[in-house]
Amino acid sequence: MQPAKLESRSRPTELIDRFGRVIRDLRISVTPRCNFHCSYCDPLGDHHAEPKGVLSVRDVDNFVKAASLLGMDAARFTGGEPLLRKELPEMIANAAMTPGVKDIAVTTNGTLFRRRHKELLEAGLNRVNISLDALEPSVFRHATGGGEIAPVLDAIDLALELGLHPVKLNAVLIRGVNDTELVKLARMSLDRPLHVRFIEYMHLNNADLEVYRRAFMPGSEVRALLEREFGMLEVVPTDPSSPARVFKIQGSQGTLGFINPISEPFCGACSRMRLTADRKVRPCLLTDRELDASSAFDSSNPIEALIDTLLEAAHQKGRMGDVLPQIRERTMVAIGG
Ligand code: SAM
Ligand code: SF4
C-alpha cells in the first residue's frame, strides 16, 4: 500500500492511512465553550469570549479546502457548543461552496437552534444531530449540569418541521444518571422519523476510574433492556463505515442506533479526522496524539501546508484508539465530539 506521507509534490486524491482506511469525514470543533455542563464531557464553564488562538473563519475554510482536495466529502461542526460560535454560518457557507463537500452537519445541544436556524440553513447546513440524554426534566437537568429541556425538544420539533433529514438524537447512557430514560428515549423513534442513537460513555472526562466503571453501560445491555420492552429489534442495513449499528422497533418511523466505541470498537472502519478549536489535527478521538497545525495555518500557502499536515496525521493514525479508561490530556469538550 502507498504510504500516506508523500516524498514528492504529487498529491493523492484520497487520504488513506497506513491500514488502508479511507479518511472522508471531518469533525471540526469550532469552540471549546459550552452553555451546558454535562459531567461526562467536562466543560470548563461558559466563558463569554472565545479563547485566544481559536480557529478563525479563514482557518476553517483553508482546512476544509485542503481536506476536500484529499477527497474528504463530509464536514461536521461540533464543539463545545458550536452554535455559540457567532461565525458558524460563515464557516458553513464556505464549506458549502467547497467543491466535493456534500454533507454539512452540526452536532448541537439544540438550545440555540431556534434562534440561529435561519442563518445556518441559508449558509448551507444540511442536517443536525441533537444531543438528548433524558426526557424527564429533572433527569435532563442533572445530566446536563442544570440544562433546561424545553428548548432542546423545541429544536427537535423544528428540525423535523424544516424537513432536515436525517434528524439524529444522541444519548450517552450513564448508569445511575439517565438509565431510567432509555425506553422513553427509544419511544421517540416510534411516530416520527427520529434516529435515536445510544452512545457508550467513553472515559473522556477524566472521571475517577471506579466511578466510571460503575457508570458505564455496554450497548448490549441497553439493547437487551429495549428488547425486553419492545420485542426483537429489526436490523436496518447501514453503511459499514458508520459507527452506529442500526435497528428499529417494528413499525416505527425512526430507528435506534447503538454506538459502542468501548465494547465493540469500530476502529477498523474509521473514516474520521478531527480538527480541534485550538488548531490541532487529531487523528483519533480516543488517542491523545495531536499535530499542531498552527504553522501550517499561518504559512504563506496554508492549503498546501495543511494538505501535508493531513497526510502526516493520516500516517500517524493508529490502528485502534485507547479504549481503556485512563487519564487523558484533554477532555471531550476540548477535543470536540
Ligand atoms: N455540544 C454539542 C452536543 O452536546 O451535541 C456538541 C459537542 S458534544 C462533545 C458531541 C457529542 O459528544 C454529544 O452527543 C455528547 O453527548 C457526546 N459526548 C460527550 N462526552 C462524551 C463521553 N464522555 N462519552 C460519549 N459521548 C460523549
Ligand atoms: Fe456541552 Fe455538548 Fe459537552 Fe454537553 S456534551 S457539555 S452540551 S459540549
Side-chain angles (χ1 to χ4, degrees), residues 25 27-47 76-85 88 105-113 116 120 127-134 140-149 151-152 155-156 159 167-175 177-178 181 185 195-209 211-213 215-219 222 243-244 257-266 272 274-277 282 285-286 321-328 330-337:
D25 298 324
R27 301 280 186 272
I28 300 172
S29 173
V30 295
T31 180
R33 298 185 302 139
C34 193
N35 51 352
F36 276 1
H37 304 280
C38 311
S39 62
Y40 50 71
C41 186
D42 193 35
L44 303 168
D46 189 17
H47 307 288
R76 181 158 67 68
F77 292 92
T78 182
E81 175 44 46
L83 272 61
L84 284 174
R85 185 75 197 252
L88 183 61
V106 292
T107 295
T108 173
N109 62 27
T111 47
L112 300 170
F113 187 59
R116 302 206 65 188
L120 297 175
R127 58 187 188 85
V128 284
N129 299 341
I130 299 175
S131 297
L132 180 71
D133 292 334
F140 186 85
R141 221 172 280 126
H142 180 46
T144 56
E148 285 306 321
I149 195 169
V152 184
I156 295 167
V167 178
K168 296 181 185 174
L169 306 183
N170 289 343
V172 180
L173 285 180
I174 306 202
R175 200 187 305 283
V177 175
N178 64 343
E181 296 291 298
L185 288 167
H195 303 280
V196 183
R197 294 144 20 117
F198 298 102
I199 306 176
E200 280 180 352
Y201 174 19
M202 292 175 271
H203 188 259
L204 283 170
N205 56 349
N206 287 337
D208 175 89
L209 292 186
V211 172
Y212 170 77
R213 284 195 188 99
F216 175 76
M217 285 184 81
V222 177
F258 296 89
I259 302 184
N260 301 340
I262 306 301
S263 66
E264 294 179 86
F266 34 80
R272 287 168 284 283
R274 299 187 132 75
L275 177 63
T276 65
R282 184 171 176 116
L285 177 61
L286 287 167
D322 299 324
V323 296
L324 294 177
Q326 57 198 269
I327 299 305
R328 316 266 173 183
R330 314 229 246 179
T331 54
M332 183 68 122
V333 73
I335 301 167

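When a ligand or atom number is given, it counts from 1 through the structure's own listing order.
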- [ ] Identify, for atom 24 (N) of ligand 1, the protein heavy atom at the shortest distance, and state residue, atom and that distance.
- [x] Met202 N, 2.9 Å
Task: Which segment of Thr108 sits under 4.0 Å of ligand 1 when only heavy atoms are counted - done: backbone
Open item on the list: Is it the case that the side chain of Arg328 and the backbone of Leu286 share a donor-acceptor pair, with hydrogens and angles ignored and the cut-off at 3.5 Å?
Closed with: yes
Task: Per-residue contact class, Glu200 against ligand 1 - non-hydrogen pairs under 4.0 Å - done: backbone
Task: Identity and separation of the nearest protein heavy atom to atom 16 (O) of ligand 1 - done: Val172 CG2, 3.2 Å
- [ ] Scan side-chain atoms only and decide if Thr111 and Asn35 contain a donor-acceptor pair under the 3.5 Å cut-off.
- [x] yes
Open item on the list: Would Glu81 count as a polar contact of ligand 1, with the cut-off being nitrogen or oxygen pairs under 3.5 Å?
Closed with: yes
TODO: Using modelled atom types only, decide if a donor and an acceptor are shared between the side chain of Asp133 and the backbone of Val172 within a distance under 3.5 Å.
DONE: yes
Open item on the list: For the 3.5 Å polar cut-off, considering only N or O atoms, please tell me whether Gly336 and ligand 1 meet it.
Closed with: no
Task: Close side-chain approach of Thr108 and Phe77, heavy atoms under 4.5 Å - done: no
TODO: Could you tell me whether some N/O pair between Tyr40 and ligand 1 is separated by less than 3.5 angstrom?
DONE: yes
TODO: Give the numbers and elements of all ligand 1 atoms closer than 4.0 Å to a heavy atom of Gly337.
DONE: 9 (C), 10 (C)
Open item on the list: I want to confirm something. Looking only at heavy atoms, which of Ser131, Pro32, Ser29 is nearest to atom 5 (O) of ligand 1?
Closed with: Ser131
Task: Enumerated ligand 2 atoms positioned under 4.0 Å from heavy atoms of Asn109 - done: 7 (S)
- [ ] May I ask you to identify the nearest protein heavy atom to atom 12 (O) of ligand 1, giving residue, atom name and distance to one decimal place in Å?
- [x] Met332 CE, 3.8 Å
Task: For Thr78, the ligand 1 atoms whose distance to one of its heavy atoms is below 4.0 Å - done: 6 (C), 7 (C)
- [ ] Please report the C-alpha distance between Met332 and Asn205 in whole Å, then the side-chain angles of each, then the deciding distance to 0.1 Å, and finally whether the side-chain contact (heavy atoms from CB on, under 4.5 Å) criterion is met.
- [x] CA-CA 6 Å; Met332 183 68 122; Asn205 56 349; over 6 Å; no
Open item on the list: Whether the side chain of Arg282 engages the backbone of Ile335 through a donor-acceptor N/O pair (distance < 3.5 Å, no angle test) should be reported.
Closed with: no
Task: Heteroatom proximity flag, Asn170 to ligand 1, N/O under 3.5 Å - done: yes
TODO: Take Val30 and Leu84 through the side-chain contact (heavy atoms from CB on, under 4.5 Å) test and state the conclusion after the steps.
DONE: CA-CA 9 Å; Val30 295; Leu84 284 174; over 6 Å; no
Task: Whether Glu81 side chain and Asn109 backbone form a donor-acceptor pair below 3.5 Å - done: yes
Open item on the list: As an exercise, identify every atom of ligand 1 less than 4.0 angstrom from a heavy atom of Gly80.
Closed with: 1 (N), 2 (C), 6 (C), 7 (C)
Task: Minimum non-hydrogen distance to atom 8 (S) of ligand 1, winning option of Ala334, Gly79, Ser39 - done: Gly79
Open item on the list: Working note: Val152 + Thr144, criterion side-chain contact (heavy atoms from CB on, under 4.5 Å); need CA distance, chi angles, decisive distance, verdict.
Closed with: CA-CA 12 Å; Val152 184; Thr144 56; over 6 Å; no
TODO: For atom 3 (Fe) of ligand 2, grab the closest protein heavy atom and report residue, atom and distance to one decimal in Å.
DONE: Cys41 SG, 2.4 Å
Open item on the list: When you measure from atom 1 (Fe) of ligand 2 to the N, O or S atoms of Cys34, does any of those distances fall below 2.8 Å?
Closed with: yes
Open item on the list: Please work out, at 4.0 Å between heavy atoms, whether the side chain, the backbone, both, or neither of Thr107 comes within that distance of ligand 1.
Closed with: both
Open item on the list: Taking a cutoff of less than 4.0 Å between a non-hydrogen atom of the residue and any ligand atom, is Ser131 in contact with ligand 2?
Closed with: no
Task: Thr78 side chain to Gly337 backbone, donor-acceptor under 3.5 Å - done: yes
Task: From CA spacing to verdict: side-chain contact (heavy atoms from CB on, under 4.5 Å), Leu209, His203 - done: CA-CA 8 Å; Leu209 292 186; His203 188 259; 3.5 Å; yes
Task: Which residue and heavy atom of the protein sit nearest atom 6 (S) of ligand 2, plus the separation - done: Cys38 N, 3.3 Å
Task: Enumerated ligand 1 atoms positioned under 4.0 Å from heavy atoms of Asn109 - done: 2 (C), 3 (C), 5 (O)
Task: Non-hydrogen atoms of Arg76 and Thr107 that approach each other most closely - done: NH1-OG1, 2.7 Å
Task: Nearest non-hydrogen partners of Met217 and Ile174, listed with the distance - done: SD-C, 4.5 Å
